[in-house]
Amino acid sequence: MSLLGHLSQIAGQAFADLGLSSDLGETVPSQRPELAQFQVNGAMAAGKAVGRPPREIAQEVADRLSGHPDVSRVEVAGPGFINITLTDEAIARFATEAAGDQYLGFEVTARPETVVVDYAGPNVAKAMHVGHLRATIIGDSLARLFSFAGHKVIRDPHFGDWGFQMGLLIAALADEQPDLPYFDPDAGEYPTESPVTLDDLQRVYPEASARARSDDDFADAARMATVRLQQGDPGYLALWAHMKGVSEQSQRKDFGALGVNFDLWYGESDVHDRLAPLVAGLRESGVAEESHGALVIRVAEETDNREIPPLILESRSGGFLYSTTDLATVQMRVEELHADLMLYVVDRRQADHFVQIFRAARRAGIVPEDTRLEHIWFGTMNGPDGKPFKTREGGVVRLADVIDMLTVAARRRLDEAHLAEEYPDEERDQIAEMVGIAALKFGDLINNRTSDYVFDLDRFSSFEGKTGPYLQYAAVRIKSILRRASAAGFAPGSLLPPTVDTERDLMLELLRLPEVVGRAIDLRAPNHVAEFAFDLAGKFNRFYDTCHILSEPDEGRRGSWLSLSTWALSALERLLDLLGIEVPDRM
RNA sequence: GCGCCCGUAGCUCAAUUGGAUAGAGCGUCUGACUACGGAUCAGGAGGUUGCGUGUUCGAGUCGCGCCGGGCGCGCCA
């Protein structure tokens, strides 16, 4: 059990002995490190509950704790805080246990669940751009966190390939290049090479989208094309496959550059076979009804303080919309993937959409009672001007360009610092890329998921302070020490009770890892991991500044410090891995 | 108009979900290298947490009312 878990149990028992709830014993790191190492706040809540002075309760709990052999000091302070300080021997014992554990003291879940993480949300005809960054980075970190916790994680980007945007593209191409065989009902064979490139699609799509807004005839044509595609027109399907193919190819490359991999590469179209039966069933059961010529599911509830529009299953023109595919996807994830929890990592603007989907899924009986659906929303990524991040010309910034900019910046910074100078070119390029990606991911994940934040390339590229590269550097330096120690024939030894403040602080920090990671998972908040990794690196740097390991003459002490360094490195690398950040061997 | 989110140091952001004296990074000022990688470390200055008002032992956090900003509100995704 983790140190904090252990302390909570001891304090909880003390509360229980007084006839109070053992939950009150929850122990957390002290907010006043100069007073104590840990604190218990339950006496105040208990005082309110049973109508007794909190300090009195706190004192009774403290009296019971003071006899424990691990506790060196316990005091009651303020309105009823219970401050606890451990013996150095106890710290060393817990440290030894956590350092030797492959999960660093974290307790893997006893009840593994299947967790589907739906994130990134690439679409046909759209190269990955900065708008996809947060979803991808946050989703990937959450997937890593749940996986670390022992759950079965299924990562699915949920490719947008079956809605109205496909009709728009087909209609636009039919207009622009009517001679293509896909539009000829008598054509038997279709080319194997795509007639369009991703660049073509990226030009055509915004044009078509804009035209549909002002040109009703064109919009109708696009809607008809959507329906024809969904009904299986062979020419349309062949063209669709080409468009999907070139989009996916480019997107897989972008994800690869980010170090993001998916377990499935499903799209809206993969649930196509479910759409008609699902819709027919809902119509029959009365869950769905006609409204304004469309088929909808009403999801408004009496307690709503605003109007929640109905979910539209089938448009007036008979086409299925993304609501329809989303609902069918929920069904698929329940029936085929046996999901217990579905996390939709999608930006906040779609909050209403997910309310509709989740309610409709419940109403339609598509999800079992204990299956949870969550919209993990996040804020907007803005440019330094505080407005959504755009190029100087006002266009969207391609993901590949962002990565490129950061890699160039990383490379320049490496050169300035005369780092990696003598390494082979290939390794130096790899390091620059790793550093650039770390800057990008950490710069995003350090922020609270729900706040908007400013993406400032210059700031991220400065590689100083609270940044991914700072953490990589800290880890690389530990590796360097361990290499030197090994070369000198110094072996790690058992962890001894700390004798230096910075050493004790580092151990206590490392012992917090289980709770921090657990909290990050509970709150779906990777920023807790990012913040902790930064604090940990700082604690190590302070330790390393005060304790000179390699010149330490006492063998036992030196061995203990080497073990502490090894432990810190494992923790740092693990935490960074949970953020999707890699650490080079040297830099 | 209705609803959701936000407003914290000069700037960018945190804050263990109601706990003690609101913390970091950047910037700024002062220090520390004949030691393990100075992308480092030690320290200073910098705050009426938008404003007001409640709730209670305790409020950045919860309620109410204002002010300011972002976003969403039926057949796009």
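In what follows, every chain begins at residue 1, and chains take the letters A, B, ... in the order their sequences are listed.
- Taking the C1' atoms as reference points, B/A59 lies 13 Å from B/A20, given to the whole Å.
- Base contact: A/Q39 has a heavy atom under 4.0 Å from a base atom.
- In this structure, CD of A/Q356 is placed 18 Å from P of B/G3, rounded to the nearest angstrom.
- Among the protein residues, A/Y473 comes within range of the nucleic acid bases, having at least one heavy atom under 4.0 Å from a base atom.
- Using a 4.0 Å heavy-atom cutoff across all strands shown, A/R484 reaches sugar-phosphate atoms only and no base atom.
- Comparing the P positions of B/G60 and B/G52 gives an interatomic distance of 13 Å, to the nearest angstrom.
- Near RNA chain B, meaning a heavy atom under 4.0 Å away, there are no residues from residues 125-132 of chain A.
- At the heavy-atom level, A/V476 lies under 4.0 Å from base atoms of the strands shown.
- Of the residues in residues 532-549 of chain A, A/F534, A/N541, A/R542, A/Y544, A/D545, A/C547, A/H548, A/I549 come within less than 4.0 Å of RNA chain B through at least one heavy atom, sorted by number.
- One C1' atom belongs to B/G46, the other to B/C11, and the distance between them is 12 Å to the nearest Å.
- Within the cation-pi definition used here (under 6.0 Å to the ring centroid, within 45° of the axis), A/R348 does not qualify as a partner of A/F378.
- Among the heavy atoms of the strands lying under 4.0 Å from A/N527 are primed sugar atoms or P, OP1, OP2 only; no base atom is included.
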Just by protein heavy atoms under 4.0 Å, how would nucleotides 65-72 of chain B read 5' to 3' in B, S and -?
-> ------SS
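- With C1' as the reference atom, B/G63 and B/U56 are 13 Å apart, rounded to whole Å.
- A/H353 and A/Y322 form a side-chain donor-acceptor contact under 3.5 Å, judged by distance and modelled atom types alone.
- Stretches of at least 3 consecutive Watson-Crick or G-U wobble pairs, with each checked distance under 3.5 Å, appear in RNA chain B as B:1-7 with B:67-73, B:10-13 with B:23-26, B:28-32 with B:40-44, B:50-54 with B:62-66.
- For an aromatic pair to be called close, the ring centres must be under 6.0 Å apart, and A/F543 with A/F540 satisfies this.
- If you check every strand for non-hydrogen atoms under 4.0 Å, A/E531 touches sugar and phosphate atoms only.
- Comparing B/C51 with B/U8, their P atoms sit 10 Å apart, to the nearest whole Å.
- Note on A/A474: nothing from the nucleic acid sits closer than 4.0 angstrom, heavy atoms only.
- Between A/P469 and A/L168, the residue anchored closer to the 5' end of RNA chain B is A/P469, taking for each the nucleotide with the nearest heavy atom.
- In this structure, A/D456 reaches neither bases nor backbone, as no heavy-atom distance under 4.0 Å exists between it and the strands shown.
- Spacing of C1' atoms, B/U34 relative to B/A39, comes out at 23 Å, to the nearest Å.
- Using a 4.0 Å cut-off between charged nitrogen and carboxylate oxygen, A/E509 and A/R512 count as a salt-bridge pair.
- Salt-bridge check for A/E531 with A/K466: passed, with a basic side-chain N closer than 4.0 Å to an acidic carboxylate O.
- Residue contacts for A/G78: at a heavy-atom cut-off of 4.0 Å it reaches no nucleic acid atom on any strand shown.
- At a threshold of 4.0 angstrom between heavy atoms, the contacts of A/L414 include nucleobase atoms, whether or not backbone atoms are also involved.
- Ion pair A/R211/A/D217 not flagged as a salt bridge, since none of the NZ, NE, NH1 or NH2 atoms sits closer than 4.0 Å to an Asp/Glu carboxylate oxygen.
- Taking only distance into account, the side chain of A/S291 meets the base of B/G74 through a donor-acceptor pair shorter than 3.5 Å.
- If you find the closest nucleotide of RNA chain B to A/S317 and to A/W377, the one lying nearer the 5' end belongs to A/W377.
- Stacking between A/F81 and B/A20 is shown: the ring centroid lies under 5.5 Å from the centre of the six-membered base ring, and the planes differ by under 30°.
- The stretch residues 219-231 of chain A touches RNA chain B through A/R223, each having a heavy atom under 4.0 angstrom from the strand.
- For residues 517-526 of chain A, the pairs satisfying side-chain hydrogen bond (donor to acceptor under 3.5 Å, both in side chains) are A/E374-A/R524, with sequence neighbours left out.
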